Amino acid sequence: MGFLSSILHWLSNFYDEYLGFINFIIRRWEQVLEYTANHFSLVLTVMFFSLILWISVGLLISRYEKLANTAFGIGNILFVIPSISLFGIFITIPMLGLGRTSAALALILYAMMPMVRNVYRGIKSVEWPIIEAGRGMGMSPRQILFQIQIPMAWPIIFAGIRVTVVMITGIATVATFIGERNLGRFIHHGIARESADMIIAGAVLVSVIAILLDYILGKIEDKITSPGLRKEQEQS
Amino acid sequence: MIVLDKVDKIFPGTTVPAVKQVSFQVDEGNICVFVGPSGCGKTTILRIINRLIEPTSGDIYIKGKKVSDKEVNPDHLRREIGYVIQQIGLLPHRTVEQNVALVPRLLKWPEERIKPRVKELLDMVGLDSNEVIHKYPFQLSGGMMQRVGVARALAADPPIMLMDEPFGAVDPIVRGRLQDEFLRLQKEMKKTICFVTHDINEAIKMGDHIVIMNKGELVQHGTPMEILTEPANDFVKDLIGVDREIKLLDLTRSSEIVDRNKEVLGETREKDCFISALDPVQRALETMMKNDSDIVVVRDGEKEIGTICWGDIKKLINKLSGEA
Ligand SMILES: Nc1ncnc2c1ncn2[C@@H]1O[C@H](COP(=O)(O)OP(=O)(O)O)[C@@H](O)[C@H]1O
Ligand SMILES: [Mg+2]
């Protein structure tokens, strides 16, 4: 019986040590709800504008090759700026200051690199004979873009969008330092108060949002991508 | 129908012209075959005709109209010209139905006209339309893809077809079948066709007219018989190869050398070797070898009109080599 009780003891220790965050979430559910909702809406806002902006830029540079390297350069530079300083730069800009606009703008800039690059790569991945066939049948450049290149690029474009969404959900936690009341706040306060439960609660909820959004995007991708492009998966 | 007048093409960044002072004419309802080694400019010529590329100099006329004019919209021009590209180029994200219906949809045909047309075309090129219509290109064999490529080019019933090695990606047996089927189709369609191949045998079989190219230049043009009996130079001779006489047998109809002597016919009646009067003499020879016989009976429809024996064929070969 000593064996059983030692297992129970171990389990309760494990719960206190690692699953205490569940208690935390239950206890502070109103705050959890508020922070989660804020986190979610920030990510969605950022993704909404990023999709419009960066897909357009990606398409533009696939048409005007000369701009491509410039765009990649800018994207890379933005991407390597530490997030905390990028947020910091934005709050010094008059009119913006602390708050959602600064947070959203900084995150949109982060999204540039993975999204623009993948849109460009996707469009360029369409092989020459297929474009040539489209032209040979009398399709205009516009028809080739919308009826051949974009549909064929979906898998690569979606890969970029999914990486971006996961990344933005994570980096959004840092926006708590410029006034966002989101899940980053649990992590931040948890560190300040040395509360593992708070830190884990924040991290787990952030992961859940990221996984959920990635899952939804995966479903949309399946709907949009032609079965003709999914041969590898089907055959294996 | 199609006229090229002193066409040059020098690709940007290159100094050697890909096509040099090429002029020729393709008559209405004819198959004109362009043949020559890889890189001699065959594909370039087709792409100049439908203006996928612009010639450096020279003019192109279709039905008397100068299509190399800047006013002609190249996209619209291409919708009127069927194009089978060398790499087949089916759209992988679209079904067979959507691939074949591509040009009719660009031309805004009503859907109720497109549906039956796609079925008709697939059956015409020897595919089971019910089986393949909803498949994607990756689910097709090489031969099926080439058939779909031809169906797609024929879809809007263009009077002109440009076919770039349309049967290149299949084994010789399938290729032979595709060629036969296409020739049968062409008898009804009577399209004006520019057909590219690097295979002289295919050129002789498919061509009403042959244009031989080398290094961007037109070396010789004429009917298959003219090319075989009067090769212009060593390049053409090498291209034709050593079995020139055998190839000539392929161009002569059995009816031309049939022996209408009824007595001989009576003697051979038991035997099981028959050919049609329209078959090439080559077929007579093959039938003989297959049946281990030295005589075949020639039929015109159901009627037996005479015989061909080994001696007749030998006489023909001697005569043809004498001509050359
Ligand atoms: N877009 C291009 N740019 C530069 N050179 C080209 C281009 N297309 C074809 N060429 C060159 O032109 C020549 C003729 O090519 P092509 O017409 O494709 O030959 P073929 O179809 O007879 O094999 C080749 O030497 C090829 O390398
Ligand atoms: Mg070629």
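Given the structure is predicted, the values throughout are model-derived calculations rather than measurements. Just so you know, these numbers use all the heavy atoms, side chains as well, and skip hydrogens, waters and symmetry mates.
Heavy atoms of A/E127 lying under 4.5 Å from chain B are absent altogether. Proximity to chain B (any heavy atom under 4.5 Å) is restricted, for A/W128, to the side chain, taken from C-beta onward. Heavy atoms closer than 4.5 Å to chain A are found in the backbone of B/L90, but not in its side chain. Heavy atoms of B/Y136 lying under 4.5 Å from chain A belong exclusively to its side chain. Heavy atoms of B/L52 lying under 4.5 Å from chain A belong to its backbone as well as its side chain.
Between B/E97 and B/H134, the side chains place no donor N or O within less than 3.5 Å of an acceptor N or O (distance only, hydrogens not considered). Using modelled atom types and a 3.5 Å distance limit, the side chains of A/Y120 and A/E65 yield a donor-acceptor pair.
Heavy-atom neighbours of B/F11 CZ from other residues, nucleotides or ligands within 6.0 Å: above the threshold of 12.
In this structure, the separation between CE on B/M124 and CZ on B/R117 is 5.5 Å, given to the nearest 0.5 Å.
Among the candidates B/L46, B/I81, B/L106, the residue making the largest number of heavy-atom pairs closer than 4.5 Å to chain A is B/L106. Counting heavy-atom pairs closer than 4.5 Å to chain A, the top-ranked of the candidates B/N73, B/V84, B/V103, B/L107 is B/V103.
Salt bridge status for B/R175 with B/E202: absent, with no side-chain N to carboxylate O gap under 4.0 Å.
Among residues two or more places apart in sequence or in another chain, the salt bridge (charged side-chain N to carboxylate O under 4.0 Å, His left out) test is passed with B/D75 by B/R78.
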